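What follows is a short report on a single structure.
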Amino acid sequence: MELTKTAVSPAPDDDTHRPSEHELERRRFRRSRRRRHTWISALCTVLALVALGAGAVASPGWERVHSLFLDGAELRAAFPELLKGFWLNIQMFLVAEVLILVLGLLIALVRVTRAPGLQPLRLAATVYVDVFRGVPTLLLVFLVGFGLPALQLQGTPSQPWVLGVIALVLSYAAYVGEVFRAGLNSVHPAQRNAARALGLNQRQTLRHVVLPQAVRNVVPPLLNDFIALQKDTALVAVLGPLEALRAAQIKADYDFNYTPYLGAALLFIAVTIPLTRFADRLQRRAAERTWAGAGR
């Protein structure tokens, strides 16, 4: 019996996988340039902040602004009430976010369907999006908050924060529905055709193929909408619930000092800035995936 000898290729030399001296020099130069640019950017930023601060302190009305808006004792006294009110803002945001996601996805699915029997629903969804994207959110809060209880319908909620959440959901669902619709339309038709060729029906194709890709594509713009939603929960203050802005207004009117408004702003910033950075990171990752896919 003849044995066949298998040729074994020699192990590659480690030197072939090592970057050249020229490449190493280029990498060192790029690292040095990045460090230099970072230091220059940081220095320019610090100088700009110092200049702005010096200009503000040197202004004629600085003492009055400092006493009315930057009173540390007033901020410490008002902070517990502000934090308690901000917790209501967080609750409204979380409840509204879930409802907006569900309603926005339903609107998007209705608008992209081509079933002839669903033409009335498509028309209703289109009118809904056009109307509620055209009405300012603050005006919608007024209309829902004061108009809905005036109807005196049985089962109508009476809590101001619930009415405010309804107004926010009606407004933002129109925007989120359009975001979802763009995501659904961004999925290439070949994906649907391939799923149908594998034996999936229309519902299975939508659930297992189209929706996962669409949602992944629209996560960054969805986060931007929810950042705006977090800030707009302060609009519900016009209906009277004791959220952060309303608590700051009561404290400011009582002490004739506007520092509580600054405290409320800092609470909103503490939430929105991390969300903004997270949205930026997702956008960068999505762009990197797009460029990587285009390079293959």
Side-chain angles (χ1 to χ4, degrees), residues 93-137 140 165 167-233 271-296:
F93 166 70
L94 294 177
V95 173
E97 181 179 1
V98 175
L99 297 177
I100 289 168
L101 283 174
V102 175
L103 182 58
L105 182 58
L106 291 177
I107 292 171
L109 291 175
V110 169
R111 294 202 66 188
V112 300
T113 184
R114 293 295 177 262
L118 295 180
Q119 178 61 29
L121 289 179
R122 282 197 298 273
L123 180 60
T126 303
V127 172
Y128 172 88
V129 170
D130 292 341
V131 170
F132 285 98
R133 284 203 306 173
V135 178
T137 306
L140 191 59
V165 168
L168 293 176
V169 170
L170 291 175
S171 178
Y172 273 85
Y175 295 96
V176 172
E178 288 299 280
V179 172
F180 274 128
R181 186 167 75 97
L184 292 171
N185 291 333
S186 69
V187 179
H188 199 277
Q191 299 287 329
R192 302 173 186 267
N193 297 335
R196 300 302 299 273
L198 292 175
L200 300 181
N201 57 32
Q202 189 71 25
R203 182 182 304 175
Q204 292 172 331
T205 300
L206 180 63
R207 177 182 176 185
H208 298 289
V209 178
V210 178
L211 270 182
Q213 298 183 64
V215 171
R216 185 179 60 189
N217 292 339
V218 300
V219 165
L222 280 180
L223 280 176
N224 290 327
D225 284 337
F226 288 136
I227 291 170
L229 172 65
Q230 167 61 25
K231 296 184 297 182
D232 281 349
T233 55
V271 173
T272 55
I273 286 182
L275 288 176
T276 303
R277 297 285 76 80
F278 183 61
D280 292 342
R281 180 182 177 186
L282 289 180
Q283 288 176 341
R284 286 194 300 269
R285 291 178 60 184
E288 290 172 359
R289 285 198 301 267
T290 302
W291 283 106
R296 286 197 296 266

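Everything numeric in this text was worked out from a predicted model, so none of it was measured.
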Is a donor on one side and an acceptor on the other found under 3.5 Å between the side chain of Y172 and the backbone of E97?
no
So, the side chain of S171 versus the backbone of A167: is there a donor-acceptor pair under 3.5 Å, distance only?
no
Does any donor atom in the side chain of R207 or Q204 lie under 3.5 Å from an acceptor atom in the other side chain?
no
Could you tell me whether a side-chain N or O of R277 sits under 3.5 Å from a main-chain N or O of R281, the two making a donor and an acceptor?
no
The reported gap from NE2 in H208 to CZ in R203 (rounded to nearest 0.5 angstrom) is 10.5 Å
Distance col, row E178:CD vs D225:CG, nearest 0.5 angstrom, shows 11.0 Å
Tell me whether R192 contacts the main-chain N or O of T205 through its side chain, where contact means a donor paired with an acceptor under 3.5 Å.
no
Test item: Y175 side-chain N/O and R133 main-chain N/O as donor-acceptor pair under 3.5 Å:
yes
When rounded to the nearest 0.5 Å, the distance separating CG of L109 from CZ of R111 is 12.5 Å
Nearest-0.5 Å distance, CG of residue L222 to CG of residue L229:
11.5 Å
Point-to-point distance, once rounded to the nearest 0.5 Å, from CD of Q230 to CG of L94:
8.0 Å
Rounded to the nearest 0.5 Å, what separates atom CD1 in I107 from atom CZ in F180?
10.5 Å
V110 and A125 have their tightest heavy-atom pair at CG1-CB, 4.1 Å
